[in-house]
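Below is one structure; the comments refer to it alone.
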2 protein chains.
Amino acid sequence: MRQGNSEGTELPAGRPDLAERFAYWQSQLFDPAHCPVRSVLDQVGDKWSMLILIALAAGPRRFSALARLLPDISKRMLTQTLRGLERDGFVEREVFATKPPSVEYRLSDLGSTLLDPLAQLVRWAERSHPAIRSAQTRFDAAGG
Amino acid sequence: MRQGNSEGTELPAGRPDLAERFAYWQSQLFDPAHCPVRSVLDQVGDKWSMLILIALAAGPRRFSALARLLPDISKRMLTQTLRGLERDGFVEREVFATKPPSVEYRLSDLGSTLLDPLAQLVRWAERSHPAIRSAQTRFDAAGG
DNA sequence: CAGCATCCGTGCGGATACTG
DNA sequence: CAGTATCCGCACGGATGCTG
């Protein structure tokens with residue numbers, strides 16, 4: 001079926017595989033159980049998840065260490081986001097019964113597998129950043 | 001510097017390149033001008049941008065066609081998201097002076113370059129979905 | 001130290017009605 | 001057809017204070 005479209009009015013233009021996936025998600029009414037863009041990206045796409053995962057890419061970190069790494073995060077959001085990442089199985093939480101207690105967070109095996117596609121996206125973002133900025137400038141100047 | 005850490009307490013565990021980028025962003029206080037996670041991912045990470053980009057991966061679509069492809073999007077959000085994507089230079093908007101007028105949206109060259117890293121992320125999400133679900137079930141069962 | 005509880009403002013995004 | 005305008009609920013997320 002790949003490369004086997006029979007006629008030219010409909011269009012395998014840019015990324016046929018993504019288009020086929022999209023058609024499937026649509027047939028499932030974008031039910032998060034079948035649409036990864038809805039189920040996964042919504043969670044990881046929040047304000048802090050990606051930055052925390054990247055912060056943990058260098059190795060395990062304690063709660064307060066993470067708080068220092070993210071200068072402008074509140075304890076509330078750090079806790080909440082870590083809980084979400086733990087629930088999804090991306091990070092593991094280990095409590096040390098010291099006094100006062102300390103808690104260490106580390107990437108799980110599953111979480112580590114996210115680093116590769118995430119790094120690709122980050123590299124794309126860095127490469128594209130100049131083009132995006134100039135596009136924004138042009139758009140705003142045109143009175144968009 | 002790669003692989004050249006001198007001692008064992010600090011740790012190039014998972015993804016050193018991401019960790020190095022993170023240190024740079026941090027030194028810039030995560031200013032969106034230097035941190036792509038903040039500047040780019042925040043925009044594309046909203047509720048509809050990724051789905052619209054994927055919908056356009058199959059080829060140009062008119063406004064109402066897009067609205068049909070995304071069953072539960074409002075005209076308001078479709079317009080607003082398309083404007084954002086156009087402002088960033090990811091999609092191009094062409095108006096045909098028919099009566100009534102029709103407007104076509106297509107991926108720009110820049111927008112097309114996003115499809116590859118995006119497809120990687122989607123494939124990861126699909127692969128990981130079962131593991132995520134079971135992790136969530138375990139977490140919730142444990143009384144998290 | 002590592003949270004949890006509470007209060008609260010803002011903005012994202014939905015619903016509806018109107019226009020060129 | 002392809003929007004714009006307006007209203008509004010609600011969830012995300014920040015600030016502060018308290019606890020084991």
Side-chain angles (χ1 to χ4, degrees), chain A residues 29-30 32 35 37-39 41-52 55-56 60-88 91-106 139 142-144, chain B residues 29-30 32 37-52 55-56 60-88 91-106 139 142-144:
Chain A
L29 299 175
F30 294 97
C35 177
V37 179
R38 283 274 165 96
S39 62
L41 281 301
D42 280 7
Q43 158 67 20
V44 183
D46 68 5
K47 188 171 182 179
W48 297 107
S49 288
M50 292 219 182
L51 283 176
I52 290 179
L56 289 175
R61 291 283 183 264
R62 298 192 25 204
F63 183 87
S64 53
L66 282 173
R68 276 189 298 274
L69 287 175
L70 289 308
D72 52 350
I73 197 176
S74 64
K75 287 193 296 183
R76 170 173 154 64
M77 287 317 296
L78 183 55
T79 301
Q80 183 172 310
T81 307
L82 282 169
R83 283 292 175 282
L85 294 173
E86 186 192 0
R87 190 179 108 96
D88 287 349
V91 307
E92 290 162 355
R93 177 175 179 270
E94 186 174 5
V95 182
F96 296 93
T98 58
K99 192 182 61 157
S102 70
V103 179
E104 196 175 82
Y105 293 91
R106 74 187 71 224
F139 185 89
Chain B
L29 298 175
F30 295 96
V37 179
R38 283 276 164 93
S39 63
V40 178
L41 281 301
D42 280 6
Q43 158 66 21
V44 182
D46 68 6
K47 188 170 182 179
W48 296 107
S49 288
M50 292 217 182
L51 283 175
I52 290 179
L56 290 175
R61 290 284 182 263
R62 295 186 35 196
F63 183 88
S64 54
L66 282 172
R68 276 189 299 274
L69 287 174
L70 289 308
D72 52 350
I73 196 174
S74 63
K75 286 191 296 182
R76 169 170 153 59
M77 287 316 296
L78 183 54
T79 301
Q80 183 172 308
T81 307
L82 282 169
R83 284 291 177 283
L85 294 173
E86 187 192 0
R87 190 179 108 97
D88 287 348
V91 307
E92 289 162 356
R93 178 175 178 271
E94 185 174 7
V95 182
F96 297 93
T98 57
K99 191 181 62 156
S102 69
V103 179
E104 197 175 81
Y105 293 90
R106 76 188 69 228
F139 185 90

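The chains referred to below are lettered A, B, ... by the order of the sequence lines, with proteins before strands, and numbering in each begins at 1.
The outermost nucleotides of DNA chain C lying under 4.0 Å from heavy atoms of chain A, listed 5' to 3', are C:dC1 to C:dT6.
With contacts defined as side-chain heavy-atom distances shorter than 4.5 Å, the pair B:V37/B:F30 does not qualify. Contact of the A:T79 side chain with the A:F63 side chain is registered, since non-hydrogen atoms from C-beta on lie closer than 4.5 Å. Inter-residue side-chain proximity for B:L85 and B:Y105 is flagged as unmet; no heavy-atom pair is nearer than 4.5 Å. The side-chain heavy atoms of A:I52 and A:L78, taken from C-beta on, include a pair separated by under 4.5 Å.
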Taking N or O atoms only and anything under 3.5 Å, show me the protein contacts with nucleotides 2-5 of chain D, one pair per line.
| unit_1 | atom_1 | unit_2 | atom_2 | d |
| --- | --- | --- | --- | --- |
| D:dA2 | OP1 | B:R62 | NE | 3.0 |
| D:dA2 | OP1 | B:R62 | NH2 | 3.1 |
| D:dA2 | OP1 | B:V103 | N | 3.2 |
| D:dA2 | OP2 | B:S64 | N | 2.9 |
| D:dA2 | OP2 | B:S64 | OG | 2.7 |
| D:dG3 | OP1 | B:R83 | NH2 | 3.4 |
| D:dG3 | OP1 | B:R93 | NE | 3.4 |
| D:dG3 | OP1 | B:R93 | NH2 | 2.7 |
| D:dG3 | OP2 | B:Y105 | OH | 2.7 |
| D:dG3 | N7 | B:K75 | NZ | 3.3 |
| D:dG3 | O6 | B:K75 | NZ | 2.6 |

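Considering CD1 of B:I73 and CG of B:L82, their distance stands at 7.5 Å, rounded to 0.5 Å. Considering CZ of A:R61 and CG of A:L70, their distance stands at 11.5 Å, rounded to 0.5 Å. If you take CZ on B:R93 and CZ on B:R87, they are separated by 16.0 Å, rounding to the nearest 0.5 Å.
Residues satisfying the salt bridge (Lys or Arg N to Asp or Glu O under 4.0 Å) test with A:R106, not counting sequence neighbours, are A:E94, A:E104. Under the side-chain contact (heavy atoms from CB on, under 4.5 Å) criterion, B:R76 pairs with B:S74, B:Q80, sequence neighbours left out.
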What pairs of donor and acceptor atoms, side-chain ones from residues 43-51 of chain A against any protein atom, are under 3.5 angstrom apart with sequence neighbours left out?
| unit_1 | atom_1 | unit_2 | atom_2 | d |
| --- | --- | --- | --- | --- |
| A:D46 | OD1 | A:W48 | N | 3.3 |
| A:D46 | OD1 | A:S49 | N | 2.9 |
| A:D46 | OD1 | A:S49 | OG | 2.8 |
| A:D46 | OD2 | A:S49 | OG | 3.1 |

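Atom CD in A:Q80 sits about 13 Å away from atom P in D:dA11, given to the nearest Å. Atoms CD1 (A:I73) and P (D:dG14) sit 7 Å apart, rounded to a whole Å.
Nucleic acid contact class of A:K47 (heavy atoms, under 4.0 Å, all strands): sugar-phosphate only.
Annotation: of the two residues near DNA chain D, A:D72 and A:P100, the 5′-most nearest-nucleotide partner is A:D72.
The terminal axes of the helix from C:dC1-D:dG20 to C:dG20-D:dC1, fitted over 5 pairs per end, subtend an angle of 50° to the nearest 10°.
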